[in-house]
*Asks:* 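The structure that follows is given in the form of structure tokens.
Start at 1 and go down the list; that is how both ligands and their atoms are numbered. All values derive from a computational prediction rather than experimental measurement. Below, each value reflects all heavy atoms present in this structure, side chains not excepted, and no hydrogens, waters or symmetry copies.
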Amino acid sequence: MKTQAQVVVVGGGVVGCSVLYHLTKLGWSDAVLLERKELTSGSTWHAAGGMHTINGDPSVAKLQQYTIELYRDIEAISEQSIGLHMTGGIMLAATPARFDWLKSIHAKGRYLGMETELISAREAAELMPLIDSSQFEGAMYDPIEGHLDPSGTTHAYAKAARKNGATIYTQTRVTDLHQQADGSWRVMTESGEIVAEHVVNAGGLWAREVGRMVGLELPVLAMEHMYLITEDMPEVTAFNEVSGKEMLHAVDFDGEIYVRQERKGMLMGTYEKACVPWSPTQTPWDFGQDLLPADIDRIAPSLEIGFQHFPAFQQAGIKQIINGPFTFAPDGNPLVGPIKGLPGFWCACAVMAGFSQGGGVGLALANWMVEGDPGFDVWAMDVSRFGDWTTLPYTNAKVKENYSRRFSIRFPNEELPAGRPLRTTPVYDQLLAAGAQMGEAYGLEQALWFAPEGVKDEFSWRRSTDFEHVAAEVSAVRNGVGLMEISGFAKYSISGAGASAWLDQLLACRLPEEDRMSLAPMLNRKGKLIGDFSLANLGDDEYFLAGAGVAEAYHMRWFLQNLPDDSSVEIMPHGASIVGFSIAGPKSRQVLASVTSEDVSANAFTFMDIREMDVGMAPCLVGRVSYTGDLGYEIWMEPEYQRHVLGVLLAAGAEHGLRLFGSRALNALRLEKNFGSWAREYRPIYGPYEAGMGRFIALNKEAEFIGKAAATKEKEHGGTMRLRSFVVDADDADVIGDEAIWLNGEVRGWVTSGGYAHGSAVSVAMGYVPWTCANEDGGWEIEILGERRSAKLQIAPLFDPKAERMRG
Ligand SMILES: Cc1cc2nc3c(=O)[nH]c(=O)nc-3n(C[C@H](O)[C@H](O)[C@H](O)COP(=O)(O)OP(=O)(O)OC[C@H]3O[C@@H](n4cnc5c(N)ncnc54)[C@H](O)[C@@H]3O)c2cc1C
């Protein structure tokens, strides 16, 4: 066995082999794959081999598209058959709500160039005659679906990688991993040791155990999964003979089943509600190409509906039932990328749809390792979207929920209950008592809106029970004063003699003066947006940075990668050990003035000032800034003071009609200011000029900040897209995100976010369109639930376009 390699991939399932192939394709031929038994000895060998492009996240959908397009190439390069059957498929809706969901998926797919089609139940039955059309409302047809041979596909990746110079050792279990002082990895195996610059965890069913070798508890759990294969069915043979085609794939969401043709019979798989985890704490090393005992009772409720919806199954004999485990992350998307604080250690784990996603995961990870950037927006599968709060019991609760809901609708206003509440702040109970309807972000409970007694969210694609109450919260902010908890922001302290110089080359903005704040975009080396913060200079080489809460691990990974190793800079993430409130609205100054002895009058405490001051009796850090676009303040404190500060502010606000507001009202408020948000408008696929953040980019500052050269080019050439806001002629539903934007009958862009802007009483959508047409006056339409609605470009913010309220 070799003793040295540039990279060792641990695991020879479809994902590990795809990673290996993609690394060698990019020129890393000194690559070794180590497999415990034979290739495919995890979940890969018994997969049903189905593949499709549909995914709730458009960037993941794009990578799925790439995976499927790659198959013909891989077959040709490797000269290994992968048994590809491109049958096309239909997704069936048995209820109007499900049909609305399909319409939203169809609208999303449009700008990705997906060729899906909405069809009636009758048309669906013509394409796939096994269904009883009377059971369905309608369907969506997708030509890019099919199935393949899982083993052939894995071997095809492996052969293609070998042709590019890779080495594969089977029967070689990795038993431990150690990082050496020079950063290289000692990879210990049952048959010797390899030293490698990089290690990839593609351990599939054992990804958790491989993670534990380096002290990581990855949020991943295997679930049992069953499918059955029927005897030959005359209906299938008859259809094949008459049409000359194979049966289409079909997903029946209400039956929680999927079906496809298998030889002359059919295969039916289920995502049953009564799901069962497999090896919830430790995966046995002696598990190989084994199956688990079938449990037909568990899937009987799904089969019952399936047999009603597909009556021909009632007469079919069952030839075999397969039960095998495969892994999931808490949200069902893969865990890909480098790990904070572990240079050279990479993950390609929790890939639950290896045959739809394996190629894309391999490509993104290989790009990341070789080029330093995945080349796509991989936020939805970035391992850093989870933090230390994803303990084993949390992961297990969430994965079970995710599996049992795999074919359930998640409405845009629906919060999922498993694993909650986990992280709470001291005022959690007080907010609940005031009617807070809670959501969760990065494990932390946060108020979405405040409901009167007896009212709660009714889940819907359309406007719902919260509408009038969110409107009242917005009105309180615009006409008086509102208070919102903002503990969910990520907060960091940066200090040390080198802090200013470091921040100056890390962030693209000019550093603020002492006791002042700046908006601080952060770019990667390609000049794309990887963060938007508010940066405060507290003096004495100390800074306070606040940014998107969900991106805390993502940003910490970047900060640590770029931190000098001379101890001149220290960075400390605060999590919920600093909590906060925002008070906003024209009367917010009066409220603050009445609870502090500090002079906070308009000229003494100006827009973007920040200062330590007492609020009531509590020491706080107060910044004059508000994401509502109104006069407002952010007040930060240690958790032990939070209840005191809330009490003081509520008491002082009472005479001004202060009202609590939540993140839905905040969304409505920022939309009428054309303010973008992280992970929606601001993502690593957009440049700062495309995203309308050009005015914060200090190209003429001395520091050679990361991404400066690329940003300079973007400014010269204009980039390709522009962020724009639109007022949409909506009816009873607003955009959710990812819908197509049309111009003069052609799809030209996509929606990033939107909703009802209660303050201006209009429906707003934000999104990207090519800069060449970004100022076109008319001809715009935006698709909401499958219907094209006319839209008006809104260049100036609807509220306070001169920012007089915010700065006054
Ligand atoms: C019943 C069933 C049906 C499915 N149907 C579909 C489907 O229709 N479509 C679809 O896309 N997906 C399907 N899947 C899921 C699919 O199988 C997985 O997404 C895919 O197999 C994941 O591949 P992997 O390479 O990540 O993991 P695995 O296949 O588990 O591979 C991991 C490999 O790593 C090796 N390994 C682990 N630890 C070590 C170590 N320490 N040293 C050396 N080697 C190690 C293992 O032996 C194994 O070979 C199905 C799964 C099941 C169980």
*Asks:* Would you kindly specify which portion of Cys17 sits under 4.0 Å from ligand 1, judged on non-hydrogen atoms: side chain, backbone, both or neither?
*Replies:*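 No part of Cys17 is near ligand 1 at this cut-off.
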
*Asks:* Please state whether the rings of Tyr403 and Phe328 are parallel, tilted or perpendicular, taking 30° and 60° as the class boundaries.
*Replies:*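 The arrangement is perpendicular - the two ring planes meet at more than 60°.
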
*Asks:* Taking heavy atoms and a distance under 4.0 Å, where does Met352 meet ligand 1: side chain, backbone, both or neither?
*Replies:*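 The answer is the backbone.
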
*Asks:* Report the part of Val15 in contact with ligand 1, treating N, CA, C, O as backbone and CB onward as side chain, heavy atoms under 4.0 Å; options are side chain, backbone, both, neither.
*Replies:*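 The answer is both.
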
*Asks:* Is it the side chain (CB and beyond), the backbone, both or neither of Trp45 that lies under 4.0 Å from ligand 1, heavy atoms counted?
*Replies:*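 Neither part.
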
*Asks:* With respect to atom 23 (O) of ligand 1, which of Thr175, Thr67, Thr44, Val19 exhibits the smallest heavy-atom separation?
*Replies:*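 Looking at heavy atoms only, Thr44 sits closest to atom 23 (O) of ligand 1.
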
*Asks:* Record the part of Pro150 in heavy-atom contact with ligand 1 below 4.0 Å; permitted values are side chain, backbone, both and neither.
*Replies:*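 Answer for Pro150: neither.
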
*Asks:* At under 4.0 Å between heavy atoms, which part of Phe355 makes contact with ligand 1: side chain, backbone, both or neither?
*Replies:*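 Within the 4.0 Å criterion, Phe355 contacts ligand 1 through backbone and side-chain atoms alike.
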
*Asks:* Mind checking whether Phe326 and Tyr271 have parallel, tilted or perpendicular rings, split at 30° and 60°?
*Replies:*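 Phe326 and Tyr271: perpendicular rings.
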
*Asks:* Give a yes or no answer on whether the side chain of Ser41 reaches the backbone of Gly288 with a donor-acceptor pair at less than 3.5 Å.
*Replies:*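 Not a single qualifying donor-acceptor pair exists.
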
*Asks:* Does only the side chain of Trp278 get under 4.0 Å from ligand 1, or the backbone, or both, or neither? Count heavy atoms.
*Replies:*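 The answer is neither.
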
*Asks:* Is it true that a side-chain atom of Arg186 and a backbone atom of Gln180 form a donor plus acceptor pair closer than 3.5 Å?
*Replies:*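 Answer holds: no.
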
*Asks:* I'd like to check which ligand 1 atoms, numbered from 1 as shown, lie under 4.0 Å from a non-hydrogen atom of Ser356.
*Replies:*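 Numbered from 1, ligand 1 contributes 11 (O).
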
*Asks:* Below 4.0 Å from ligand 1: does a non-hydrogen atom of Arg173 turn up there or not?
*Replies:*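 Yes, that is the case, since the closest heavy atom of the residue is under 4.0 Å from the ligand.
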
*Asks:* Strictly under 4.0 Å, does any heavy atom of Thr172 approach an atom of ligand 1?
*Replies:*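 Yes, Thr172 has a heavy atom closer than 4.0 Å to ligand 1.
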
*Asks:* Hey, does Arg36 come in under 3.5 Å of ligand 1, counting only N/O atoms on both sides?
*Replies:*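 Arg36 vs ligand 1: N/O contact under 3.5 Å present.
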
